[in-house]
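One structure is given below, encoded as structure tokens.
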Amino acid sequence: MKIACVQMDIAFGKPETNFQHVKEYLEEAAGNGADVIVLPEMWNTGYALKELEQLADGNGKTVDFLKQFAKQHSVHIVGGSVSTKKQDGFYNTMYVVDNTGALVSEYDKAHRFGLMDEHIHLEEGQSLGTFELDGETFGGVICYDIRFPEWLRAQALNGAKAIFVPAEWPAARIDHWRILLQARAIENQCFIIAANRIGSDPKNEFGGHSMVIAPWGEVRLDMGGIEGIAYADIDLSEVDEVRTRIPVFDDRRVPLYKKFEKSH
């Protein structure tokens, strides 16, 4: 499976500019034979959260755009995430469409990042975020979600062999990004495929380093700070091999964990 990670700057509060930029990248990746194209977080608006009433997608424009492109080019798209307007508020939403143009997942970011005011402007997601492509199970989380290992473990326990992570991760904590992604791959014995943005907005500089990490922890791709597309081939049979070599999932002691579980 050929993965294309799109690492791009995002025009703050300018959806039309960003849609055109994303379309160009999708065309390039599809033309280079990608099976799955992965976009970064909040690529339609960036973190223009105070302007979501005017800017967030409330009419299905993003879904229609991704569906049409995926069907036309026979490519799967993990659509990063976009700001969306729903009946009960605004969300940070990941759309996944398959190569027939069908929507296979709509995941709202589960954990809101207070340092970027998500808790003020966005609602919390309630779904797990697993989905199927080509008969295999995948998962998807968004940026800050990776700081919650139990959340990615839940996806792995529900069959995910690879977990996609679109992000707008700041450069100031890029070391955390790399370490956390590698840890999530090793502990869940799965591929981690992460697309981070670069560039800056009025409050943050973003760190890039979009990555593909194998289930044994090897870094197969690290894009550094350069804008563009990079590719990596993954073989999901590696997940089965690693999980057989060290049977972490079989050795879990769930009743013991629950015995000492505390809520905070």
Side-chain angles (χ1 to χ4, degrees), residues 3 5-7 36-44 47 62 66 76-84 90-98 103-116 118-119 122-133 136-170 173-174 176-197 206-215 217 219-221 232 234 236 239 249:
I3 306 293
C5 286
V6 176
Q7 181 165 284
V36 184
I37 308 172
V38 190
L39 301 174
E41 180 184 16
M42 294 279 277
W43 60 259
N44 62 335
Y47 268 81
T62 305
L66 296 176
H76 304 304
I77 303 174
V78 177
S81 76
V82 292
S83 59
T84 58
F90 299 103
Y91 288 84
N92 184 342
T93 304
M94 176 196 297
Y95 295 117
V96 181
V97 295
D98 70 15
L103 178 67
V104 298
S105 179
E106 179 177 337
Y107 168 79
D108 297 317
K109 189 174 185 178
H111 302 90
R112 297 175 296 183
F113 188 49
L115 291 182
M116 292 175 73
E118 286 188 333
H119 64 301
L122 299 173
E123 305 299 323
E124 295 174 322
Q126 302 295 329
S127 64
L128 180 60
T130 54
F131 56 91
E132 287 195 5
L133 296 173
E136 297 282 4
T137 302
F138 297 85
V141 299
I142 302 173
C143 201
Y144 186 49
D145 284 336
I146 68 170
R147 288 190 181 271
F148 300 86
E150 61 271 40
W151 190 230
L152 279 76
R153 173 55 59 88
Q155 294 193 347
L157 289 171
N158 278 272
K161 290 187 175 182
I163 298 174
F164 295 93
V165 187
E168 289 203 32
W169 196 280
R173 295 181 292 279
I174 204 65
H176 290 193
W177 164 258
R178 292 194 294 253
I179 293 167
L180 287 167
L181 291 174
Q182 201 165 11
R184 300 296 87 88
I186 293 168
E187 70 197 7
N188 291 302
Q189 300 175 321
C190 70
F191 284 96
I192 297 290
I193 300 161
N196 193 27
R197 69 163 290 187
F206 298 95
H209 287 278
S210 298
M211 302 179 76
V212 174
I213 303 169
V219 176
R220 299 282 177 84
L221 173 69
I234 68 170
L236 296 177
V239 175
F249 291 86

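Note that the coordinates shown come from a computational prediction; the quantities given were computed from them, not determined experimentally. Atoms considered below: every heavy atom in the structure, side chains included; atoms not considered: hydrogens, waters and symmetry mates.
- Here CG of Leu122 is found 9.5 Å from CG of Asp108. Values are rounded to the nearest 0.5 Å.
- The aromatic rings of Phe138 and Phe164 sit tilted, their planes meeting at an angle between 30° and 60°.
- Without hydrogens or angle criteria, Asn188 side chain to Ala185 main chain gives no donor-acceptor distance under 3.5 Å.
- A donor-acceptor distance shorter than 3.5 angstrom exists from the side chain of Gln155 to the backbone of Leu128, with no hydrogens or angles considered.
- Under the 3.5 Å distance criterion, the side-chain polar atoms of Glu41 are left unmatched by any main-chain donor or acceptor of Ser81.
- Between Val78 and Leu39 the shortest side-chain heavy-atom distance does not fall below 4.5 Å.
- Here Ser83 pairs with Asn44, Thr45 under the side-chain hydrogen bond (donor to acceptor under 3.5 Å, both in side chains) rule; sequence neighbours left out.
- Here the shortest heavy-atom pairing between Lys161 and Cys190 reads O-CB, 3.2 Å.
- Using a 3.5 Å distance cut-off with no hydrogens or angles, the side chains of Thr130 and Asn158 do not pair a donor with an acceptor.
- Using modelled atom types, one finds a donor on one side chain and an acceptor on the other under 3.5 Å when comparing Arg178 with His209.
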Are Leu236 and Phe191 close enough, and set up right, to give a side chain to side chain contact (heavy atoms under 4.5 Å, CB included), and what steps lead you there? CA-CA 8 Å; Leu236 296 177; Phe191 284 96; 4.1 Å; yes
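- Nearest heavy atoms, Arg197 versus Pro40: N-CB, 4.1 Å.
- Shown here for Gly208 and Trp177, the closest heavy-atom pair between the two residues is O-NE1, 3.6 Å.
- Under the 3.5 Å distance criterion, the side-chain polar atoms of Glu106 are left unmatched by any main-chain donor or acceptor of Tyr95.
- Taking Asp98 as the reference, Thr100 meet the side-chain hydrogen bond (donor to acceptor under 3.5 Å, both in side chains) condition, with sequence neighbours excluded.
- Donor-acceptor pairing under 3.5 Å is lacking for the side chains of Tyr144 and Asn92.
- For the pair Glu124 (side chain) and Ala110 (backbone), a donor-acceptor distance under 3.5 Å is absent.
- A cation-pi arrangement is absent between Arg184 and Phe148, since the terminal nitrogen or guanidinium carbon is not both under 6.0 Å from the aromatic centre and inside a 45° cone about the axis.
- The NE2 atom of His111 sits 15.5 Å away from the NE2 atom of His119 when rounded to the nearest 0.5 Å.
- A donor-acceptor pair under 3.5 Å links the side-chain atoms of Ser210 to the main chain of Asn196, judged by distance alone.
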